[in-house]
Amino acid sequence: MIKGHEGGLLAGLDDIDWAKLHHAYGSAHDFPGQLRLVCCDDEDLRKSAWLHLFNTIFHQGSRYTSSAAAVPFFARIARSGPEHARPTALHMLTRLAVDWHDAYTLPAGIDTATWRALAAENTPERMAAWYEGRLAAENDPERRSILKEARDFCLEGGTPDSHASTLPSYDAVRTELRNLYPLMEDPDPEIRVRTAYLLAWFPEEGARTIPHLMACLDREQHTQARATALVAAGLVGDHSLLPRLRPYLSVPEPLVRWAAATALARLLTTGSSPEADGEELVTRVIEELTQAATTPPSAPDVPEAVYNEGDLRGYAARALAPLAVHASHRPARDHGRPQRGHRRRRRGRHRRTRRGLPRRSTARDRPVRRSQRRHPAHPAVRGPARALGPVRNTGRELPA
């Protein structure tokens with residue numbers, strides 16, 4: 001039934017000791033059989049197998065030791081597997097990399113530096129040592145049993161910390177990107193859409209990814225594929241892309257204009273000084289995003305690959321907030337005498353500062369702070385970040 005796919009797609013599958021790896025329900029010994037079924041000819045068996053895989057190696061957003069090991073096989077299926085399996089394989093790769101709640105990372109994109117720093121605090125090795133210390137000091141038999149189970153779990157490569165447990169899967173997908181870039185030229189538009197969406201979440205690969213996204217935009221005719229590639233370029237690119245993306249503000253398709261404005265808003269507010277950007281471009285982007293927030297573009301064809309979980313109106317509003325702050329810092333046109341009362345307000349702020357009190361927040365401050373609170377990996381945000389993978393409900397303790 002699946003003999004034709006064993007040679008290339010699943011080569012090496014049985015060389016991995018899956019029984020020693022974990023998924024949501026314990027040992028991952030059943031993974032090879034389920035993976036073979038997603039390539040079979042029976043539609044009911046395929047659906048059941050995909051459901052089983054999503055519920056085990058990606059259970060409610062959690063990732064396990066088997067999740068990263070499964071990534072190369074999904075990448076092969078996405079590249080050259082049966083046509084019915086390829087889109088779902090790309091969907092699985094995206095979920096294993098960044099969960100399903102991309103809204104928690106927008107409009108700035110994923111902060112991988114903070115993610116890696118948080119993951120380094122609770123690696124399996126460090127967690128195992130912590131549990132070992134607690135175990136040595138514990139006399140209660142029931143507590144010792146729980147601590148021993150948690151220690152052994154960490155010694156086998158697991159960790160109950162969300163940042164540390166999700167990072168291996170993310171990095172496994174990152175390693176496969178070089179093999180997935182050719183899918184941007186795939187004849188199936190759904191494959192191109194899903195690939196562009198996946199590329200949006202790897203800013204560390206931006207230098208390699210941008211040429212593929214730009215080449216896609218030069219030839220792409222499919223509306224959602226163009227829009228998805230534009231937003232991806234904005235999330236992984238830099239200020240140098242502004243002149244390349246600006247012309248897309250004038251195309252007839254509302255979805256593409258929204259995507260261009262969204263990408264430009266992120267680039268305008270990241271890594272550049274406000275004075276360097278033209279007022280005309282900032283104004284044009286604000287107008288387009290305001291229009292999208294009022295009347296969002298129609299729903300695209302591939303709902304699983306739509307940013308902000310399909311809420312384009314909300315994404316437009318998110319993109320506008322930091323852009324409004326950016327615009328407010330542009331040099332004023334009138335450099336003459338300050339308006340009456342301006343000096344008095346400044347003296348009041350400085351007087352408050354001299355007394356050792358914090359400066360009162362202004363209207364210009366608040367949008368920045370709200371956007372920071374929304375960002376899951378901002379240093380001021382403590383606790384689990386859903387976009388980087390929620391903490392699994394393992395019943396195991398975390399260090400205080």
Side-chain angles (χ1 to χ4, degrees), residues 68 71-72 74-80 86-113 115 166-167 169-220 222-238 240-241 244-245 248 255-256 258-260 262-264 266-267 270 300-310 315 387-388:
V71 164
F74 291 123
R76 291 184 204 167
I77 294 173
R79 292 196 312 269
S80 52
R86 298 176 65 218
T88 312
L90 279 169
H91 183 51
M92 174 67 87
L93 287 171
T94 306
R95 300 284 71 84
L96 289 177
V98 294
D99 206 336
W100 62 71
H101 296 286
D102 68 1
Y104 287 89
T105 68
L106 298 173
I110 289 181
D111 182 355
T112 52
W115 184 1
T166 55
L167 190 58
S169 296
Y170 178 85
D171 282 338
V173 177
R174 181 187 176 189
T175 299
E176 292 294 333
L177 291 186
R178 65 181 184 274
N179 299 318
L180 299 174
Y181 287 136
L183 296 182
M184 293 298 295
E185 302 181 47
D186 195 90
D188 185 349
E190 181 178 359
I191 295 296
R192 301 197 300 274
V193 168
R194 291 185 182 276
T195 303
Y197 182 74
L198 174 62
L199 297 179
W201 309 115
F202 294 87
E204 295 162 313
E205 296 296 316
R208 298 181 184 88
T209 297
I210 287 298
H212 296 278
L213 293 173
M214 293 297 101
C216 169
L217 288 171
D218 289 341
R219 63 177 177 268
E220 188 59 68
H222 188 270
T223 299
Q224 187 179 357
R226 294 173 76 195
T228 307
L230 278 166
V231 178
L235 288 171
V236 303
D238 57 30
S240 65
L241 289 179
R244 295 286 304 275
L245 304 188
Y248 291 96
L255 183 64
V256 178
W258 164 84
T262 300
L264 289 165
R266 194 262 177 185
L267 297 177
T270 304
D301 300 330
V302 187
E304 299 91 349
V306 184
Y307 298 96
N308 203 40
E309 302 180 60
Y315 195 171
L388 305 184

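Hydrogens, waters and symmetry mates play no part in the numbers below; they use all other heavy atoms, side chains included.
Formation of a donor-acceptor pair under 3.5 Å by the Gln224 side chain with backbone atoms of Asp301 is found in this model. The backbone N or O of Leu106 lies less than 3.5 Å from no partner atom in the side chain of Tyr307, so there is not a single donor-acceptor pair. Here the side chain of Glu190 pairs no donor or acceptor atom with the backbone of Val302 at under 3.5 angstrom. Arg266 contributes no side-chain N or O that, together with a main-chain N or O of Thr262, makes up a donor-acceptor pair within less than 3.5 Å.
Annotation: side chain of Tyr197 is not in contact with side chain of Glu304 (no heavy-atom distance under 4.5 Å). At least one side-chain heavy atom of Phe202 sits less than 4.5 Å from a side-chain heavy atom of Leu177.
Separating the CG atom in Leu93 from the CZ atom in Phe74 is a distance of 7.5 Å, to the nearest 0.5 Å. Separating the CG atom in Leu217 from the CG atom in Leu230 is a distance of 4.5 Å, to the nearest 0.5 Å. With rounding to the nearest 0.5 Å, the separation of CZ in Arg174 from CD in Glu205 is 4.5 Å. Taken from NE2 in His212 to CE in Met184, the straight-line distance is 9.0 Å, to the nearest 0.5 Å. In this structure, NE2 in His91 is found 11.5 Å from CG in Leu198, a value given to the nearest 0.5 Å. Remark: Leu241 CG to Leu264 CG distance equals 9.0 Å, nearest 0.5 Å.
Taking all atoms of both residues into account, the shortest heavy-atom contact from Ser169 to Ala68 is OG-N, 3.5 Å. In terms of heavy atoms, Val231 sits closest to Ala263 at CA-CB, 4.3 Å. Across all non-hydrogen atoms, the minimal contact from Arg79 to Asn179 is CD-O, 2.8 Å. Here the shortest heavy-atom pairing between Leu235 and Pro203 reads O-CB, 4.5 Å. In this structure, Ala305 and Val193 approach most closely via the heavy-atom pair CB-CG1, 3.8 Å.
Val236 pairs with exactly one of Ile110, Leu199, Leu213 by the side-chain contact (heavy atoms from CB on, under 4.5 Å) rule, that one being Leu213.
Tyr170 and Trp201 have their aromatic ring centers separated by at least 6.0 angstrom.
For the residue pair Tyr181 / Thr209, a side-chain donor-acceptor distance below 3.5 Å is found, with atom types taken as modelled.
Between Arg192 and Glu185 there is no salt bridge, since no side-chain N of the basic residue sits under 4.0 Å from a carboxylate O of the acidic one. Classification of Asp188 and Arg86 as a salt-bridged pair fails, no side-chain N sitting under 4.0 Å from a carboxylate O.
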Practice prompt. Applying side-chain contact (heavy atoms from CB on, under 4.5 Å), run through Leu245 and Met214 and close with a yes or a no.
Written response: CA-CA 9 Å; Leu245 304 188; Met214 293 297 101; 3.8 Å; yes

